[in-house]
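What follows is a single structure, written as structure tokens, with notes after it.
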Amino acid sequence: MCRNIRTLHNFEPPATSAEVHAAALQYVRKVAGTTKPSQANAAAFERAVHEIAHITEHLLAELTTTAPPKNREEEAAKARARAAARYAS
């Protein structure tokens with residue numbers, strides 16, 4: 001999985017549309033194997049990003065959990081610590 005795609009479920013505050021769009025964009029880039037599609041593929045690329053973001057928002061709205069919501073700042077600090085440990089070794 002792409003390291004740039006972050007978990008969006010069970011956060012307080014909930015994931016924004018911008019975060020969902022960014023995750024969809026990263027997914028489509030990974031699947032397509034390119035960060036910027038050719039002009040011939042641009043429409044299909046953008047349509048895929050839009051559709052995946054839309055479906056992701058539906059998924060997030062329907063998921064349920066009994067776990068308490070995660071704190072964004074705490075999760076970001078943990079991610080930074082993991083990244084620092086990776087680069088230190």
Which donor-acceptor pairs under 3.5 Å do side chains of residues 47-61 form with protein atoms, sequence neighbours excluded?
from, atom 1, to, atom 2, distance (Å)
His54, NE2, His58, NE2, 3.0
Thr56, OG1, Ile52, O, 2.7
Glu57, OE2, Ser17, OG, 3.0

Tabulate below the donor-acceptor pairs under 3.5 Å that side-chain atoms of residues 36-46 make, not counting sequence neighbours, or state none.
from, atom 1, to, atom 2, distance (Å)
Ser38, OG, Asn41, N, 3.4
Ser38, OG, Asn41, ND2, 3.3

### Task
Can you sort out the partners of Asn10 under side chain to side chain donor-acceptor pair (under 3.5 Å), two or more places apart, ordered by chain and number?
none
### Task
Among residues two or more places apart or on two chains, list those pairs meeting salt bridge (Lys or Arg N to Asp or Glu O under 4.0 Å) that have a residue in residues 7-23.
Glu19-Arg72
Scan the side chains in residues 75-84 for donor-acceptor partners under 3.5 Å anywhere in the protein, sequence neighbours excluded, and list what turns up.
from, atom 1, to, atom 2, distance (Å)
Glu75, OE2, Lys78, NZ, 3.3

### Query
Does any non-hydrogen side-chain atom of Thr65 lie less than 4.5 Å from one of His9?
yes
### Summary
ring-ring contact (aromatic ring centres under 6.0 Å, His included) pairs touching residues 59-86, sequence neighbours excluded, are none
### Message
Hydrophobic clusters here meaning ILVMFWY residues chained together by side-chain heavy-atom distances under 4.5 Å, can you tell me if Leu63 and Phe11 are in one?
### Response
no
